[in-house]
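Since the structure is predicted, the reported quantities are computational estimates derived from the model, not experimental observations. Reminder, nothing fancy here: chain letters follow the sequence lines and each chain counts from 1.
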Amino acid sequence: MTQELLDELPKNYQAANYEADIYRRWEESGAFRPETSKSKKTFSIILPPPNVTGILHLGHASMLAYEDIMIRYHKALGEKVLWLPGFDHAAIATQNVVEKQLAKQKIRKEDLGRTKFLLEVEKFVAQNRTTIKDQLKSMGSALDWDRTKFTLDEDVSKTVRHVFKKMFDEGLIYRGYRMVNWCVRCQSTLADDEVEHQEQQGKMYYIKYGPFVIATTRPETKLADTGVAVNPEDERYQQYIGQEFDVDLAGHKVHIKVITDPIVDKEFGTGALGVTPAHSFVDYDLSQKYNLPVIELIDQFGRLKDSGGKYAGLKVKEAREKFVADLEACGQIVKVEDYQNNLSICYRCGAPVEPLPSKQWFVNVNKKTSRGKSLKDLARGAVKSNNIKIIPDRFNKTYFQWMDNLRDWCISRQIWYGHQLPVWHKGEEEVVVSAETPTQVFVLRHGLTDWNQEDGNTRIQGLTDVPIDESREKLVEELAGNWQQPIDLIVASPLIRSRQTAEIFAKYLKAPVEIMREFQERDYGVFEGQSIAEIKTKHPEYYENKLTFAIPEAETFSQVQDRARRGLEQLIKKYPGQRILVVTHTTVIRSLLRLIENPADRELTDFYPKFGQVWHWNFIKENLKKGFDLRQSTDTLDTWFSSSLWTFSTLGWLDQKKDFTTFHPTSVLETGYDILFFWVARMIMMTTYATGQVPFRTVYLHGLIRDKNGQKMSKSKGNGIDPVEMIAKFGADAARLSLLANASAGNDVKLYEEKIAGERNFVNKLWNIARFIYAQEIVPGPHRSTWADKWIMAELNQTVTAVTNHLEGYEFSQAIEALQEFTWKKLADWYLEMSKIEGGKGGLLGQILETTLKLWQPFIPFVTQAIWQHASQELLMLQAWPVAHRTEPGVDQEFAELTELVTAIRQWRAENNIDHKEIVQANFVCNKSSWLVKQLHLVAGLTKIQWAEEVSGEVIELAISQLTLKK
RNA sequence: GGGUUCGUAGCUCAGAUGGUUAGAGCGCUACAUUGACAUUGUAGAGGCCAGAGGUUCGAUUCCUCUCGGACCCACCA
């Protein structure tokens, strides 16, 4: 390895030529899997799942960089390391994106209907997942792709339903009529922390209001006032307390009661607060406290209801303008002031959020759970007891403050995409909750003539879900009791859930049960138990996309359909004209529906299995008369509900899978501080409750990436850096370094092109250090260790210690700094130059490079591997982490004095404008004359230093006494 | 209203449980360069560590206040 190799390696490192190949090599080798280690010691991180909405952004990029460093470091330590990737369906966000796309084609989601719309969403998601996955890979992330999870995967969903039911049974989840935040655009509720506040210039209106003047920024809500609140100590209003008034507001009559509450600020406005219980959180609380009626005024579209009198039907803003004009005309506006207040807006779409009362599902955070404490207290305890450590620790305070103020969490959303609530309604009110997916029950009839149309086709006559739990028997009894026509035969799929349901029906219907294999569903859409390798080869497209409705190896839809067709044909042939109750599964029904030619059913044939239950309600209501009114709630769960279970739902907690027992609690949760509340706090709360374990031991919160001026990067401002472009231009390694260098936990990082270029330059420097070292001859045999050798080894060992300590302490930026200092300033600038003079250092340089690469590998995995593979077939990432050796003490100090001398000489040259070809003679004085040559001939720049002899011993004082030009 | 955080070189930021000469990168100036690397090297300029008090032998570091930014939470109608 000498000159030829040098010629072989390009002068500059071109990242793009190496990265894809190297990543493929890693992945194919299985190095990303925990199984490469036999160690008992484990380390695990669950990747905060990126939304399937779009593309990689810088937040993802820095998250990946931090986590990959930890993962690779712990792998190098030999631990059993898991980094589990996943994707979040991000309910509202995803739905919004798809809605916008459709809007471009002038299609509203209501035009499509829920089922077809969800198909569109699923298509969009499948496309995006491949893109995002490739982007995650492009950062070099050592993720175990074989364990990829999606929040809508069946096993994850099952955990979601299970926890929901557990909480429902304990009374921790309840349904109630309460004030909620309503996004008028998304047509859904939002949790308290999903509402953002934006300062806006508004107006404060002072309105004559019976005997009062009240101040308000939202006059239109006064149409639904039922009270006036004053401070109990306010002398001005004492005579009115407890009285009731009819107030005329420009012709609109409201009846109010005067109440007192210390919450009212005497100084604010006029000290009299008009109470609108239905559209303000404070007012609602007051109304509950003092028994004021609640008049709903604003509807879900942001329009006034009939209670708004002549303003009914107007949008809030229009109503306000009109009402104010009317008040003005009646002389009821006392004054109008400019006023700055906060407008509530939706964090996903930016549309205004209206507080309004609604019947929704809530998590009670204050009720005592089966673990003896409330969710709040469990969450507080986990951090207080130090079972979870938050870095930086100042976020402890933020965390506790948020927890202390936490109110019940509204978890039901009125959007279509997501986990449907595992709740069944019977009629209008009754609620059944089941964690299990339901058995589908329907009645099939061939040659039907007595129903709706006079056709002789086979058709489905009724369809419903039967939840699988203790409520099943009761429901079946009721269903069967409601049947007015006899059932001749019950046909069931052989799977146990269906068989059980069929048996219960048989008891009440007195009909025989026949099992039909043709109506079985075989692992359709289930990932469990399949060989990854098989999936990869047989169904690459499924493997890549992992579509939720068709997971590999399990049957494809057409396979199910073929079989179901055979079953249907047999049935029709064997039992013509009979009424048959079929108990089976979603996919089978879906395929049967496609087979049955009937216009009334055709609408159903597009329905989508994952969300199959949703259309039953309309279908049943419109088309079926008897006994089928059991329907699943159409609401979906807050996406953060499923996310809050993520550390354990991904590891197989429900079935106590080995991954769960091995890797949970996970070691570190690494994410941006901006989702401390949304996600981190809720994970702590829910995981501690559900599993009795903390979700993770350490929380590392990184700062947000901003532009050079500290502004948030955004598309509209055009100040964003696209990580994909950044990687293409500078390489993933440089991108990683630029995101981490000069960053500290919890503090924002500014990113700009010069910074990335700087790191690219470093990567190239390392490349050339390697080029130089590889070109050195390796001279066999033992070598004397020179002063320079001892020094560089001491520096290297100090660096090993420093980097290790920094990594243990989550000080990533400082680790990088230490490594760069060593690599560039010590190794390249000094030692390599000295090695040119001393010569014969091929072997030692090789060792130094090896250790250096091992230290750098977690940070810049691509270039280090690219260098490494010129010398070794093995993968660098599987090499053991370096251990610091003992070195001779004091060498570094001595060496520092030498570098000072050299620098002094160079400075003298520079100041005196000495041409580099000139030879400088330097005379030194030294009180330890025994070891240092008195005269050192230094020629030109550093590259030509002459090391007169090996130096040992102790330098106490060393100084240049004279510098002259040597003739 | 409560809370957090920042103010260190022209720019972006480190740092020290209080202790010699306060660091890095970029930028700037001068010089060099056919030998691993111009994605380079060498040398240099540039800081009252926001301001004012206090604690201390000693403060850029700890405390208080002021000024100036950023952020989070909250029921100012």
Side-chain angles (χ1 to χ4, degrees), chain A residues 3 6 9-14 192-193 197 204-205 214-218 221-222 228-229 261 263-265 267-276 280-286 339 341-342 355 392 394-395 397-398 400-402 404-405 673-674 676-677 703-704 706 708-712 730-731 734 738 741-744 746-755 757-776 811 813-814 816-817 820-821 824-825 828-829 832-833 836 902-911 913-917 940-943:
Chain A
Q3 197 55 45
L6 211 53
L9 295 172
K11 282 171 79 163
N12 290 329
Y13 172 66
Q14 298 296 340
D192 292 341
D193 50 343
H197 303 281
M204 177 74 82
Y205 301 88
I214 56 151
T216 178
T217 52
R218 296 199 58 183
T221 62
K222 301 296 107 188
V228 164
D261 194 278
I263 205 171
V264 182
D265 181 354
E267 310 303 321
F268 191 89
T270 59
L273 163 66
V275 181
T276 320
S280 151
F281 279 92
V282 199
D283 294 8
Y284 185 78
D285 290 345
L286 287 174
Y339 185 74
N341 67 339
N342 283 332
R394 68 180 135 91
F395 281 100
K397 205 162 181 175
T398 321
F400 287 124
Q401 190 185 303
W402 187 78
D404 291 345
N405 293 319
Y673 65 76
D674 53 333
L676 178 64
F677 305 137
L704 309 183
R706 294 172 179 277
K708 198 164 185 173
N709 303 315
Q711 300 284 310
K712 264 191 179 169
F730 298 104
S738 67
N742 255 343
S744 49
N747 291 331
D748 292 351
V749 178
K750 289 172 191 164
L751 187 72
Y752 40 92
E753 196 150 320
E754 298 92 306
K755 193 169 167 185
E759 299 300 347
R760 186 268 324 267
N761 295 354
F762 170 74
V763 168
N764 188 59
K765 186 78 184 179
L766 182 62
W767 174 258
N768 276 293
I769 289 170
R771 270 185 93 217
F772 173 79
I773 292 178
Y774 280 152
Q776 302 305 302
E811 297 155 344
S813 167
Q814 290 173 62
I816 290 170
E817 209 177 305
Q820 276 184 337
E821 170 78 11
W824 205 326
K825 299 292 133 166
D829 288 355
L832 288 193
E833 298 307 332
K836 289 173 185 172
V902 175
T903 305
I905 295 165
R906 286 171 179 165
Q907 193 176 340
W908 182 81
R909 296 183 73 107
E911 279 165 6
N913 250 331
I914 311 290
D915 191 278
H916 69 283
K917 291 191 184 82
L942 181 63
T943 53

Could you measure between the two C1' atoms, the one in B:rA52 and the one in B:rA59, and give it in whole Å?
14 Å

Would you tell me if any nitrogen or oxygen in the side chain of A:K11 comes within less than 4.0 Å of OP1 or OP2 on B:rC37?
yes

In terms of ring plane angle, is the pair A:Y673 and A:F395 parallel, tilted or perpendicular, where the classes change at 30° and 60°?
parallel

Can you tell me how far P in B:rA9 sits from the matching atom in B:rU42, rounded to whole Å?
25 Å

Heavy atoms only, 4.0 Å cut-off, all strands: where does A:V763 land among base, sugar-phosphate and nothing?
nothing

Using 30° and 60° as the class limits, which term best fits the ring planes of A:F677 and A:W402: parallel, tilted or perpendicular?
parallel

Which one is paired to B:rU5, where only Watson-Crick or G-U wobble pairs with both distances under 3.5 angstrom count?
B:rG69

Walk along nucleotides 3-11 of chain B from 5' to 3' and tag each nucleotide B, S or - by protein heavy-atom contact under 4.0 Å, base first, then sugar-phosphate.
SSS-----S

Would you indicate what A:S744 reaches in the nucleic acid, counting non-hydrogen atoms under 4.0 angstrom: base, sugar-phosphate, or nothing?
sugar-phosphate

Any strand is fair game: report the nucleotide pairing with B:rG41 by Watson-Crick or G-U wobble, both distances under 3.5 Å, or none.
B:rC31

Mate of B:rG53 where both pairing distances stay under 3.5 Å, Watson-Crick or G-U:
B:rC63

Expressed in whole Å, how much space separates the C1' atoms belonging to B:rU8 and B:rA14?
10 Å

With both distances kept under 3.5 Å, what pairs with B:rA16, Watson-Crick or G-U wobble?
none

Give me the distance, rounded to whole Å, that separates B:rC26 from B:rU61 when you measure between the P atoms they each carry.
30 Å

Which part of the nucleic acid does A:F268 contact within heavy-atom distance under 4.0 Å: base, sugar-phosphate only, or nothing?
base

Please determine whether any donor N or O and acceptor N or O are separated by less than 3.5 Å between the side chain of A:E833 and the base of B:rA36.
yes

Provide the Watson-Crick or G-U wobble partner of B:rC75, both distances under 3.5 Å; none if there is no partner.
none

Is A:K222 reaching over with its side chain to a backbone N or O of A:G274, donor-acceptor style, under 3.5 angstrom?
yes

In whole angstrom, give me the gap between the P atoms of B:rA30 and B:rG46.
16 Å

Classify the nucleic acid contact of A:F395 as base, sugar-phosphate or nothing, counting any heavy atom under 4.0 Å across all strands shown.
nothing

Using Watson-Crick geometry (N1-N3 plus N6-O4 or O6-N4) or G-U wobble (N1-O2, O6-N3), each under 3.5 Å, B:rG25 is paired with B:rC11

